[in-house]
Amino acid sequence: MAAELRRLREISGLTRDDIAERTGINAATLYRIETAKVRPQQRTLVGLLDLYGVADPQRSEILALSRTADEQGWLRPYHADLPNEYTAYISFEAEARGVRNYESLFVPGLLQSEDYARAVIRGVLPMATPKEVDQRVQARVERQAVFEKEHPLELWAILDEAALRREVGGPGVMADQLNRLTKAAIDPHITLQVIPYATGAHPGMPGSFVLMDFPEAVDPSVVYIDSMAGDLFLEAEEDIRRYSQIFDHLRAQALSPNDSVALIGALVRETT
């Protein structure tokens, strides 16, 4: 339902601020509706459908979706305690057909071992309580179920060599994580590349990002950026085009998948 409401708004050519001016629906509320964080009240949903000019049978289908929106399979009770943007990201990732992920400092979340994930979360969030750490670790591990679906997620991950050499959690945890990457690279739905130090400066140095593509052609791709200033979702065509071009440059500058696995294997031998 959230994806369809987002698509209808974009087809109408209206921004969230435009909707707020015309209907009185707060732009932040609309964002939460479109990211599946909240279910809209019936009158809010009807107002949006009226504004978008949606008629039957599509109108009835969306209203039916609203009545069953609490049955989302990806949602877990503890997700309510996670940041709004992160739960939105989880929902997008669960729907995505493909993910292109560049990481400069971490192993991608979808490829992290539980011990590595725990060490990362503790290090990045030193003020988090043990319960909060457990919740985030559980969410990260559960996200990896996207590879077990009937139509598994297609992941293309590019890592800077720095992400592989940073000893997160100690030598044992890191060696296990590196071994996990070599096994993941065998999966036909996962492509793994490494940008070696010898490459020098490259377009990914300003920071990590994720590009998500969806099964339906009408659903626009989304760029997700996680930074110290907060999480950011980008959907504008120019942003999608720019980050797609950056990813293509990174793919060209990275080692081939086979050479990348060979480099990871050499790093495993160094840590053991």
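No hydrogens, no waters, no symmetry mates; every other heavy atom, side chains included, goes into these values.
At distances below 3.5 Å, at least one donor-acceptor pair connects side-chain atoms of T23 with backbone N or O atoms of I19. For the pair T44 (side chain) and P40 (backbone), a donor-acceptor distance under 3.5 Å is absent. Side-chain N or O atoms of Q144 include one that pairs as donor or acceptor with a backbone N or O of Q112 at under 3.5 Å. Checking side-chain atoms of Y116 against main-chain N and O of D176 turns up no donor-acceptor pair under 3.5 Å. Distance alone, capped at 3.5 Å, is enough to place a donor-acceptor pair between the R59 side chain and the V54 backbone. Of the possible polar contacts, none joining the S113 side chain to the Q177 backbone as a donor-acceptor pair under 3.5 Å is found. No donor-acceptor pair closer than 3.5 Å links the side chain of K183 to the backbone N or O of L178.
The CG atom of D187 sits 9.5 Å away from atom CG of L111, with the distance rounded to the nearest 0.5 Å. Note: H189 NE2 to H151 NE2 = 10.5 Å, rounded to the nearest 0.5 Å. Note that CZ of R6 is 11.0 Å distant from CG of L30, once rounded to the nearest 0.5 Å. One finds the CG atom of D226 at 10.0 Å from the CG atom of L232 (value rounded to the nearest 0.5 Å).
Contact of the V120 side chain with the F106 side chain is registered, since non-hydrogen atoms from C-beta on lie closer than 4.5 Å. Residues D160 and Y102 are in side-chain contact: their nearest non-hydrogen atoms beyond the backbone lie under 4.5 Å apart. Side-chain contact check for R9 versus R16: some heavy-atom pair is nearer than 4.5 Å. Using a 4.5 Å heavy-atom cutoff, the side chains of V222 and F214 are in contact. Looking only at side-chain heavy atoms (C-beta outward), V99 and D213 stay at 4.5 Å or farther from each other. Counting only heavy atoms from C-beta outward, the side chains of L49 and L63 approach each other to under 4.5 Å. I62 has its side chain within reach of L45: a pair of non-hydrogen atoms, C-beta onward, lies under 4.5 Å apart. Between L192 and W156, the closest side-chain pair of non-hydrogen atoms is not below 4.5 Å.
Environment of CD in E238: crowded, with over 12 heavy atoms of neighbouring residues, nucleotides or ligands closer than 6.0 Å. In this structure, R242 places its CZ atom where more than 12 heavy-atom neighbours from other residues, nucleotides or ligands lie under 6.0 Å away.
Judged by distance alone, the side chains of Q58 and E4 do bring a donor and an acceptor atom under 3.5 Å apart. With hydrogens and angles left out, the side-chain atoms of Q253 and H202 include no donor and acceptor closer than 3.5 Å. Between the side chains of E103 and N101, at least one donor N or O lies within less than 3.5 Å of an accepting N or O.
The nearest pair of heavy atoms linking A119 to V168 is CB-CG1, 3.6 Å. Nearest heavy-atom pair across P152 and F147 is CB-O, 3.6 Å. Across all non-hydrogen atoms, the minimal contact from A2 to I33 is CB-O, 3.3 Å. In plain terms, the two heavy atoms of N179 and T182 that are nearest each other are O-OG1, 2.6 Å. Minimum interatomic distance between D239 and V223 (heavy atoms only, all atoms of both residues): O-CG2, 4.3 Å. The shortest non-hydrogen separation linking S260 to V194 is OG-N, 2.9 Å.
Every residue two or more places apart in sequence or in another chain that forms a ring pair (Phe, Tyr, Trp, His ring centres under 6.0 Å) with F92 is listed here: F233. For D18, the side-chain contact (heavy atoms from CB on, under 4.5 Å) test picks out L14, T15, with sequence neighbours left out.
I158 and L267 end up in different hydrophobic clusters when Ile, Leu, Val, Met, Phe, Trp and Tyr side chains are linked at under 4.5 Å. Under the 4.5 Å side-chain heavy-atom criterion for ILVMFWY residues, a single connected hydrophobic cluster contains both L105 and V124. V210 and Y243 fall into different hydrophobic clusters, where Ile, Leu, Val, Met, Phe, Trp and Tyr are joined by side-chain heavy atoms under 4.5 Å apart, directly or via other members. In the hydrophobic cluster analysis, where Ile, Leu, Val, Met, Phe, Trp and Tyr join through side-chain heavy atoms closer than 4.5 angstrom, L110 is grouped apart from F209. Residues L153 and L181 fall within the same hydrophobic cluster, defined by Ile, Leu, Val, Met, Phe, Trp and Tyr side chains chained together at heavy-atom separations under 4.5 Å.
Aromatic ring orientation, Y224 versus Y89: tilted (interplanar angle from 30° to 60°).
Each of I240, I225, L211 was compared with L234 under the side-chain contact (heavy atoms from CB on, under 4.5 Å) criterion, and only I225 meets it.
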For I195 and L159, run side chain to side chain contact (heavy atoms under 4.5 Å, CB included): C-alpha distance rounded to whole Å, both residues' side-chain angles, the deciding distance at 0.1 Å, then the answer. CA-CA 6 Å; I195 298 180; L159 296 76; over 6 Å; no

Between L155 and T191, is the side chain to side chain contact (heavy atoms under 4.5 Å, CB included) condition met? List the steps. CA-CA 6 Å; L155 172 66; T191 301; over 6 Å; no

When you look at R136 and L125, which way does the side chain to side chain contact (heavy atoms under 4.5 Å, CB included) test go after all the steps? CA-CA 11 Å; R136 285 177 176 264; L125 301 173; 3.4 Å; yes

Could you walk me through whether D248 and R100 pass salt bridge (charged side-chain N to carboxylate O under 4.0 Å, His left out), step by step? CA-CA 10 Å; D248 287 343; R100 289 168 284 171; 5.2 Å; no

After noting the C-alpha distance and the side-chain angles of Q193 and R251, does the key distance pass the side-chain hydrogen bond (donor to acceptor under 3.5 Å, both in side chains) rule? CA-CA 7 Å; Q193 289 184 272; R251 185 172 57 184; 5.5 Å; no

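Using a 4.0 Å cut-off between charged side-chain N and carboxylate O, E161 and R165 make a salt bridge. Note on E114 versus R140: no salt bridge recorded, every NZ/NE/NH1/NH2 to OD/OE distance being 4.0 Å or above. A salt bridge between R143 and E93 is present, with a side-chain N of the basic residue lying under 4.0 Å from a carboxylate O of the acidic one.
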